[in-house]
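Worksheet for the structure shown next.
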Amino acid sequence: MASSSGVGAGAEGIHASVGALDALDREDVFLASGTAVGSGAAVGSGVDVLQRRYEIRLERLEVTARLEAQLAAMKARDSAEAMGFQQAMTPPDASLHDRTYTEMSVVEEIAGVLTISSAAAGAFLEQSRKVCSLPPVFEALAAGDMSWQHAKVIADETEGLTPEGAVKLVAHFFDPDAPHAARGAAPGELVPSRFRAKVRGWRERHHPESIERRHAKGFADRRMEYTPDRDGMAWISLHLPGDTACAIWNRTTATARGLQGPDEPRTITQLRPDIAASLLLSTGNAMETNRNTTAAATEPVSNDEGTGNDDGTGTAAGSRPVREIGKVPAPRADVLVMVPVFSLLGATDEPAVLDGVGPIPASMARKLVADGAESFYRVLVDPRDGAPLEIGRRNYRLTESIKRWIRMRDAKCTFPGCTNRTPDNETDHLQAWEHGGTTGTTNLAQVCPKHHRLKHHSQWTPDPATNNDPPGWTSPTGRHYKPEHPDPEPPHWPQWLMPTKGQCLDAGCADARCVDAGPEDLPPWEPDDDSLIDPDDLSPDDPLWAELLATPLVPSG
């Protein structure tokens, strides 16, 4: 429950926000009275009236958003406390029946006061109680540092966790002194969908029940749903394993891009469902006419062998065989997976990270290696700090390897708030090549076509990137937006590889401070140059492994 000091601070914050809005309104009225509408004339000591009134609008939006968050905190606190007071007034010896109806009455009262449905009031009350039970979350909301949508993310994603697990999740994102605290943009600086992705990724890794067990339950619940809609339309939804769903999305997106051209009037949004319907409803060579217009990565999937026939078990002679009904092919689209080394070797069951999905079970990653190797692009993770291995190049032209590297590092378009993570995002030089920019991971970032054009035709400016971190951005008005880090964590180590007293995993290290050190205490490995390293080309006896791991991959006993 929110403390009394938090209540006072919340009221003070609301008064401060209202005062800031009032001051901005007075300034705007003064500027409006000093110039004709549409004039660019300056007033006072060199003040551009239109530019300043434009900036006032942005500042008012900021203050209004902060005020909305502060009011949401007050609503959440009052709802939670209303239920608490009503429960306190209920006699201790009241029956379960009486307590149930007392709580139902509170929900109905809140629904009437807020003019929302009973179901919505019940959900809001539960979210409010969860937010108020986590002081760092409530305090950030009451200070206006994040919106109610952000607070709801925490309420939703802590459901099913123990109280201790919820506290650890909150500490990771709200306490900068927590072990391996979240980096980059604060929760309120991320759009809610991006914040949810980061919170869910952490939750998947730290959930008390292994992701393998939870995935098995989800896989058993896979289904297809059909929902009629108005205007003669309908929805088809598929609940599938993440790797399959990601491959379907990437396949339809890449095929849609291949079909676009001067003579194609359909947008990519319209093309995706058309392509999916065509693939589902067509047989044999029905899609052959489109195959020459798409990239090699979009080649239609077929895992069948044989010539087929016309008896329903295949296709006519000379045409493409029909895949076996009910057999789900391994994803063959362009799929990136960041795999911890020990997890890939089967020494741990630590989740991998699938581009476009998030954490996936280690068993799924190992299966992708075995069944989809021809288009499965593996990025091995440094066992010490969780960073991908460096890939770089000194030439302007980018190889496919470095493009995949940037995709895995950035996860999506790096522009603030953009959620575009489709494979057709463009790898852009942050500092232009003609202005001295190099072609390496520190000067490259993933940008969607829309924001790539905006960068070149406006004053939006990206920061430099780093080997492991995407860039932040600065707006034309000077506002800086921090990078949205993928938030990697040090990988898990097999128990039999953990160092013993007096042993350091850094070959040749004689530093006494490394006694009893764990892998997280060791300095991260960094490459000596900007040479191209393809993780798929590494063999077990590669010198790189000797530098990463001084101990052999065999049980010490």
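Start at 1 with the first residue, then count along the sequence.
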Exercise. For the atom pair NZ (K450) and SG (C413), what is the distance rounded to the nearest 0.5 Å?
Worked result: 8.5 Å
Problem set entry | Donor-acceptor contact below 3.5 Å, side chain T162 vs main chain G165 | yes
Problem set entry | Residues that K455 engages under side-chain hydrogen bond (donor to acceptor under 3.5 Å, both in side chains), provided they are two or more places apart | D428
Problem set entry | Polar side-chain atom of R266 near backbone of A256 as donor-acceptor pair, under 3.5 Å | no
Exercise. Roughly how far, to the nearest 0.5 Å, is the CZ atom of F195 from the CG atom of L190?
Worked result: 7.5 Å
Exercise. Side-chain contact, heavy-atom cut-off 4.5 Å: F173 with K198?
Worked result: yes
Seminar exercise, completed: Scanning both residues in full, the closest heavy-atom pair of H239 with D221 reads CD2-O, 3.7 Å
For this session: Answer whether the closest heavy-atom distance between the side chains of P241 and H215 falls below 4.5 Å.
Result: yes
Exercise. Okay, side chain of H451, backbone of T414: is any donor-acceptor separation there less than 3.5 Å?
Worked result: no
Exercise. Taking atom CG of L240 and atom CH2 of W249, what is their separation to the nearest 0.5 Å?
Worked result: 14.0 Å
For this session: For S118, enumerate each residue passing the side chain to side chain contact (heavy atoms under 4.5 Å, CB included) test, keeping only those at least two apart in sequence or located in another chain.
Result: E108
Exercise. Within the distance-only criterion (no hydrogens, no angle test), does the side chain of H150 pair as donor or acceptor with the backbone N or O of P187 below 3.5 angstrom?
Worked result: yes
Problem set entry | Reported CD1-to-CE distance for the pair I154 and M146, which is rounded to 0.5 angstrom | 6.5 Å
For this session: Look at atom CZ of R213 and say whether more than 12 heavy atoms of other residues, nucleotides or ligands are closer to it than 6.0 Å.
Result: no
Seminar exercise, completed: In terms of heavy-atom contacts, A151 and L141 come closest through CB-CD2, 4.2 Å
Exercise. Between NE2 of H172 and CZ of R203, what distance do you get to the nearest 0.5 Å?
Worked result: 14.5 Å
Exercise. Is any side-chain heavy atom of Q127 closer than 4.5 Å to a side-chain heavy atom of D156?
Worked result: yes
For this session: List in chain and number order the residues that pass salt bridge (Lys or Arg N to Asp or Glu O under 4.0 Å) with E159, two or more places apart in sequence or in another chain; answer none if no residue qualifies.
Result: none
For this session: Measure the shortest side-chain to side-chain distance between I268 and R272 over non-hydrogen atoms and say whether it is less than 4.5 angstrom.
Result: yes
Exercise. So, does E126 use its side chain to make a donor-acceptor pair with the main chain of A123 at under 3.5 Å?
Worked result: no
For this session: Drop me the distance from T474's OG1 to R479's CZ, to the nearest 0.5 angstrom.
Result: 12.0 Å
For this session: Could you tell me whether the side chain of L238 reaches within less than 4.5 Å of the side chain of M224, counting heavy atoms only?
Result: yes
Problem set entry | Minimum side-chain heavy-atom gap R230-M233 below 4.5 Å | no
For this session: Carefully, step by step, assess H206 and K168 under the rule side-chain contact (heavy atoms from CB on, under 4.5 Å).
Result: CA-CA 9 Å; H206 296 271; K168 288 181 179 178; over 6 Å; no
Exercise. Is there a side-chain contact between E68 and S147, using heavy atoms and a 4.5 Å cut-off?
Worked result: no
Seminar exercise, completed: When every non-hydrogen atom of F138 is compared with those of V131, the smallest separation belongs to CB-O, 3.7 Å
For this session: Determine the minimum heavy-atom distance between T255 and R251, stating which atoms define it.
Result: OG1-O, 2.7 Å
For this session: Evaluate side-chain contact (heavy atoms from CB on, under 4.5 Å) for R196 paired with V199, printing each intermediate quantity in order.
Result: CA-CA 5 Å; R196 184 181 293 277; V199 173; 5.7 Å; no
Problem set entry | Donor-acceptor under 3.5 Å (T252 side chain, I248 main chain) | yes
Exercise. Could you go step by step and tell me if E204 and I360 meet the side-chain contact (heavy atoms from CB on, under 4.5 Å) rule?
Worked result: CA-CA 9 Å; E204 292 290 81; I360 61 172; over 6 Å; no
Exercise. Checking side-chain contact (heavy atoms from CB on, under 4.5 Å) for the pair W202/E157: CA distance, chi angles, key distance, verdict?
Worked result: CA-CA 10 Å; W202 191 95; E157 296 299 330; over 6 Å; no
Exercise. Has the side chain of E264 got a donor or acceptor atom that lies under 3.5 Å from a matching backbone atom of G261?
Worked result: no
For this session: State, to 0.1 Å, how close A234 and P228 come at their nearest heavy-atom pair, and which atoms those are.
Result: CB-CA, 3.9 Å
For this session: Kindly assign one of parallel, tilted or perpendicular to the pair H456 and H452, based on the angle between their ring planes and the thresholds 30° and 60°.
Result: tilted
For this session: Taking the side chain as every heavy atom from C-beta outward, state whether W148 and S128 have any atom pair closer than 4.5 Å.
Result: yes
Problem set entry | Side-chain donor-acceptor contact under 3.5 Å, H480 with D463 | yes
Problem set entry | Smallest separation among heavy atoms of Y481 and S475, with atom names | CE1-CB, 4.0 Å
